[in-house]
Number of protein chains: 2
Amino acid sequence: MGDIYRALADPTRRALLDELVERDEQTLFELCTRLAVKHDLTPSRQAVSQHLDVLEEAGLVRTERRGRYKLHTIDTAPLEEIPTRWPTRRRDP
Amino acid sequence: MGDIYRALADPTRRALLDELVERDEQTLFELCTRLAVKHDLTPSRQAVSQHLDVLEEAGLVRTERRGRYKLHTIDTAPLEEIPTRWPTRRRDP
DNA sequence: TTGACACGCAAGCCGTCACTTGCCTAACGT
DNA sequence: ACGTTAGGCAAGTGACGGCTTGCGTGTCAA
């Protein structure tokens with residue numbers, strides 16, 4: 001299993017998660033166009049594909065083959081480690 | 001303000017947060033020795049200092065000067081953005 | 001069957017990041 | 001006053017990450 005934190009480190013990958021939270025089962029090209037329109041990000045198709053690979057290795061994205069399409073779905077379960085590992089501890093005001 | 005996600009990307013910085021969750025107001029040298037003993041990490045003093053700078057810029061660590069000591073304290077408030085930005089959405093099993 | 005479409009693989013380039021190295025300042029104890 | 005201790009500054013190095021480039025594979029429609 002990959003590294004959740006390294007996966008979250010890149011702004012393009014975070015934008016991909018933003019899109020997948022709003023709509024499940026999106027293809028690579030759908031995500032490319034949504035990045036361009038809604039986030040002003042215009043990386044190449046291969047770049048987005050590599051980003052999705054990182055997210056999938058981290059367990060944050062699940063994929064399903066359907067014909068010639070590969071559908072991407074978010075899985076937020078690995079993120080639950082974060083508030084567990086560092087519980088709320090504010091500075092005394 | 002810096003980037004929380006980039007700050008979390010490095011394992012040494014995560015180990016520093018682990019130590020600061022267990023004990024507040026630690027100095028640079030205290031954190032160095034704890035990294036070595038409890039996490040088998042032996043980076044140099046300057047390396048740890050730079051990591052703490054990144055954490056402070058991200059708002060995850062607050063510092064307080066006390067004489068010749070600089071005390072470091074965790075602030076988990078910025079982490080609350082994460083479950084807010086990507087709410088729980090599991091894959092249907 | 002042929003062409004277009006959605007996607008994968010792999011090598012290479014280049015910028016960023018983590019770390020080191022060397023020297024410096026400031027605070028404390030004796 | 002002097003040496004020690006805690007920490008800071010800045011330039012340089014090596015490696016990793018994000019991106020490109022070019023080509024290849026499988027799927028579907030006409």
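Order of the sequence lines fixes the chain letters, A, B, ..., with proteins taken first and strands second; residue numbering starts at 1 for each chain. Owing to the predicted nature of the structure, the values given are computational and were not obtained by experimental measurement.
Under 4.0 Å is where a charged nitrogen must lie from a carboxylate oxygen, and between A:Arg23 and A:Glu30 no such pair does. Ion pair A:Arg62/A:Glu64 not flagged as a salt bridge, since none of the NZ, NE, NH1 or NH2 atoms sits closer than 4.0 Å to an Asp/Glu carboxylate oxygen. A salt bridge is absent between A:Lys70 and A:Glu25; no separation between the charged side-chain nitrogens and carboxylate oxygens falls under 4.0 Å. A:Arg14 and B:Asp3 are joined by a salt bridge, as a carboxylate oxygen and a charged side-chain nitrogen come within less than 4.0 angstrom of each other.
The one candidate from B:Arg34, B:Glu19, B:His72 that meets the side chain to side chain donor-acceptor pair (under 3.5 Å) condition with B:Gln26 is B:Arg34. With A:Leu16 as the partner, the side-chain contact (heavy atoms from CB on, under 4.5 Å) test is satisfied by one option alone out of A:Leu55, A:Val61, A:Asp10: A:Leu55.
Rounded to an integer number of Å, the gap from CG of B:Leu52 to P of D:dG8 is 9 Å. As a whole-Å value, the separation of B:Asp53 CG from C:dA18 C1' is 13 Å. Here D:dG18 presents its P atom at 11 Å from CG of A:Asp3, a figure rounded to the nearest Å. A:Leu35 places its CG atom 15 Å from the P atom of D:dG18, with the value rounded to the nearest Å. Remark: C1' of C:dG8 and CD of A:Glu56 are 13 Å apart, rounded to the nearest angstrom. The distance between atom CD of A:Gln50 and atom C1' of C:dG8, rounded to the nearest whole Å, is 11 Å. The interatomic distance linking A:Glu30 (CD) with C:dC7 (C1') rounds to 14 Å, in whole Å. In this structure, B:Tyr5 atom OH and C:dC17 atom P are separated by 17 Å, rounded to whole Å.
An OP1 or OP2 oxygen of D:dG18 is reached within less than 4.0 angstrom by a side-chain nitrogen or oxygen of A:Arg13. Not one side-chain nitrogen or oxygen of A:Lys70 sits closer than 4.0 Å to the OP1 or OP2 atom of D:dG26. Residue A:Ser49 has no polar side-chain atom (N or O) positioned under 4.0 Å from OP1 or OP2 of C:dC7. Here A:His51 does not reach the OP1 or OP2 of D:dG17: none of its side-chain N or O atoms lies under 4.0 Å away. Distances shown here put a side-chain N or O of B:Arg6 below 4.0 Å from the OP1 or OP2 atom of C:dA18. Dashed line: the shortest gap from a side-chain N or O of A:Ser44 to OP1 or OP2 of D:dC19 is not under 4.0 Å.
Distance from the side chain of B:Arg68 is smallest to D:dA6 among D:dC9, D:dA6, C:dA11. The side chain of A:Gln46 lies closest to D:dT20 when the candidates are D:dT20, C:dC7, D:dA11. The A:Phe29 side chain lies nearest to C:dA6 when the options are C:dC19, D:dA6, C:dA6.
Across all strands shown, B:Arg66 has no heavy atoms under 4.0 Å from either base or sugar-phosphate atoms.
Nearer to the 5' terminus of DNA chain D, by closest-nucleotide assignment, is the contact made by A:Ala9 (compared with the other of A:Arg65 and A:Ala9). Position along DNA chain C of the nearest nucleotide to B:Arg45 versus B:Val48 favours B:Val48 as the more 5'-ward residue. Position along DNA chain D of the nearest nucleotide to A:Val54 versus A:Tyr69 favours A:Val54 as the more 5'-ward residue.
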